[in-house]
Amino acid sequence: MMASSYNAKEEDANHPGAANHAGAGVVKSKKPDNTAFKQQRLPAWQPILTAGTVLPAFFVIGLIFIPIGIGLYVTSNNIKEFEIDYTGANIDNPCYDCAKNFSWNSTAQCVCAVTFTLEQPFESNVFMYYGLSNFYQNHRRYVKSRDDSQLNGDRSALMRPSKECEPYRTGEGSPIAPCGAIANSLFNDTLQLYHIDSNGTLNEIPLVKKGIAWWTDKHVKFRNPGGNNNLTVAFQGTSKPVNWKKPVFELDPEDPENNGFINEDFIVWMRTAALPTFRKLYRIIQKKPSTTPTLPSGKYVLNVTYNYPVLSFDGRKRMILSTISWMGGKNPFLGIAYITVGSICFFLGVVLLIIHHKYDNRNNSADIPN
Amino acid sequence: MAVNENADRPKAVRLRGKDVNAESSLKWPELYRSGQRQELSSPLILISSLLYAVYSSLVFFFIPFGVFHNTAYDFQTMAVTVAMAATFTANVEISLVTRYWTRLNVAAVCVSVVMFFICSRITHSTSLFKASPGDYFFLGASNRAFIDPLVWLTALLTTWTAVLPSMTALAINVIFNMHDKHKVHSASSQPVELRSRLRRGASLRRSSYALSQGAGPGRLISSGTCIRSTVPTVDEQVTADNNPTDSQLQINMKNK
């Protein structure tokens, strides 16, 4: 910055003034102004770098990171999580038949029941996720295959979707709403959870489907064209995506606040994941008002309406039940990473201290006074 | 980004350092050492810059990868995390190299960090999204990311891990070079006499001034006096002119 301002001053000085016709006029001096800024006389602080100031930084950071890492690891261990794979890749998996007999044309829905046991009761709000593996929602071409104007309720974009949605832009002669590959691959398995109590009766656990999407997504980014009522009329002239069984205005006909583009499951799916192994919020199990645990320990049954084929690309599907804390879900990696980096830092500090000590001693003993 | 920063080391050093005036240049000739020995652009420096760039790229990806693996976080939140880590790392690297902290330097670092947060909030805002939904589709990402402790912890860990080699290099530099370093703060500007290895009257070399006073440089040039110091090739005896300004100019060359 200082160099460029110096150059600018030089260029100004090279142009002689227009009034100097006679040649006896004053020639502008090329010398820069005698200000503190231009003569580099600004008051400055110079850090005194010695071993005594630099080496403690390593120890301090190490001593800060290690307790943070331990705290994170302990917090993560206190979070309860349960994960169960229901893809049906092996014959001993309950959903093996559904997976094997899947076909795109069948109208009959395949239901499989997966039983599992919770060792520990889950307290407070329990979040139910579906997880996918080997599903690259972060692929560049996939991420761009959407039309945000159409999803925002723009009528012209509804009828003429963007070119980015190709080849899922038009189908059966009419524009597809919602267009694009992300919408086309919407996750459509239905999961239901039942608790088997001591009598053997199945108690359905109430799953809340509102409040799973981001507020900005639900209220700003995704809007139905022409309001939330009369969606059948609003979407006239469009066709459903290729892989969907129902059109978009039938995603939740009972609730107009959750139908069409503002359906929360749809919004959650459209928020693309970062990595090929991800999970997305499916339902929330709210905590009971009394002190009873939300999910007592015991046997449970998960009823899966198996609609989503993943075996063709060697993907896996799972259901996850998890409590959350201030740091989100269970994440031992961050705690371990902090402890590791803190220890490396501390170790480096010790090594540098030893080197400094040896070098100092060698120098002091080698000095021969003249 | 790291390769770009480190590739132009001379410019980087120049922009963050301070110019030295004429008297100080004479007093501390060791300031020229880095240029003469090509310390700032040698192949070793370039290769180490490249390796450091590769290392920091791996750190910027794999630490957020490990944190966000098998979680409910989306790719926009991960993008904001990596961007935060990159901004912090760049500013820390600049701070490590800066030796003269004027108010402008402090302002530059602070403004850089603050502008990152402000610009993120602006580009993720509702008004820009409504103006052009196809371009500003990060709506709401920074709202949640900047108040999420996991995002901040990941960014700080990534920053420190990426900066660790530079800090280690600085510490090693300080340990090994502390003894030779003059206290540059104390600037006593006294005029310094140029001391040259050649004494006046040495018969083998003549200054250009002396040459210009003599008969002409022809014989001297063709004999290679000024170039070669040991082995003469021409059997000649050149006697000095009767010029009182030249002192003891006898060039005796014998070819044995």
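The figures that follow rest on heavy atoms only: side chains count, while hydrogens, waters and symmetry mates do not.
- When heavy atoms are compared at a cutoff of 4.5 Å, Arg146(A) does not approach chain B at all.
- Across all non-hydrogen atoms, the minimal contact from Trp101(B) to Pro47(A) is CD1-CD, 3.7 Å.
- Counting heavy atoms from C-beta on, the side chains of Leu49(A) and Arg99(B) come closer than 4.5 Å.
- Contact annotation for Leu132(A): neither backbone nor side-chain heavy atoms come within less than 4.5 Å of a heavy atom of chain B.
- Neither the backbone nor the side chain of Ser132(B) has a heavy atom closer than 4.5 Å to any heavy atom of chain A.
- When the candidates Leu348(A), Val54(A), Asp148(A) are compared by the number of heavy-atom contacts under 4.5 Å with chain B, Asp148(A) comes out ahead.
- Counting heavy atoms from C-beta on, the side chains of Ile355(A) and Phe176(B) come closer than 4.5 Å.
- Between Asp74(B) and Thr272(A), the closest heavy-atom pair is CB-O, 3.2 Å.
- Identified by a heavy-atom distance below 4.5 Å to chain A, the contributing residues of residues 115-129 of chain B are Thr126(B), Phe129(B), in residue-number order.
- Take Lys221(A) and apply the salt bridge (Lys or Arg N to Asp or Glu O under 4.0 Å) test, not counting sequence neighbours, and it matches no residue.
- Not counting sequence neighbours, Cys345(A) has no partner by the disulfide (SG to SG under 2.5 Å) test.
- Of the possible donor and acceptor atoms, one in the side chain of Tyr338(A) sits under 3.5 Å from a partner among the backbone N and O of Leu153(B).
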Please lay out, stage by stage, how Asn105(B) and Trp45(A) fare under the test side-chain contact (heavy atoms from CB on, under 4.5 Å).
-> CA-CA 10 Å; Asn105(B) 292 55; Trp45(A) 172 72; over 6 Å; no

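- When side chains are defined from C-beta on, Phe58(A) counts as touching Leu164(B), because their heavy atoms get closer than 4.5 Å.
- Here the side chains of Thr71(B) and Phe278(A) are not in contact, with every heavy-atom distance at 4.5 Å or above.
- Side-chain contact between Phe65(A) and Leu157(B): present, with at least one pair of heavy atoms (C-beta onward) separated by less than 4.5 Å.
- Proximity to chain A is limited to the side chain of Met78(B), based on heavy atoms less than 4.5 angstrom apart.
- At a heavy-atom separation below 4.5 angstrom, chain B is approached by Asn331(A), Phe333(A), Leu334(A), Ala337(A) within residues 329-337 of chain A.
- For the residue pair Leu352(A) and Ala171(B), the shortest heavy atom distance occurs at CD1-CB, 3.7 Å.
- Heavy atoms closer than 4.5 Å to chain B are found nowhere in Leu151(A), neither backbone nor side chain.
- For the residue pair Leu150(B) and Met327(A), the shortest heavy atom distance occurs at CD1-O, 3.7 Å.
- Contact detail for Glu83(A) and Asn70(B): the closest heavy-atom pair is OE1-ND2, 3.7 Å.
- The two residues Ala273(A) and Phe75(B) have their closest heavy-atom pair at O-CB, 3.5 Å.
- For chain B, the nearby parts of Val220(A) are the backbone and the side chain; heavy atoms of each come within less than 4.5 Å.
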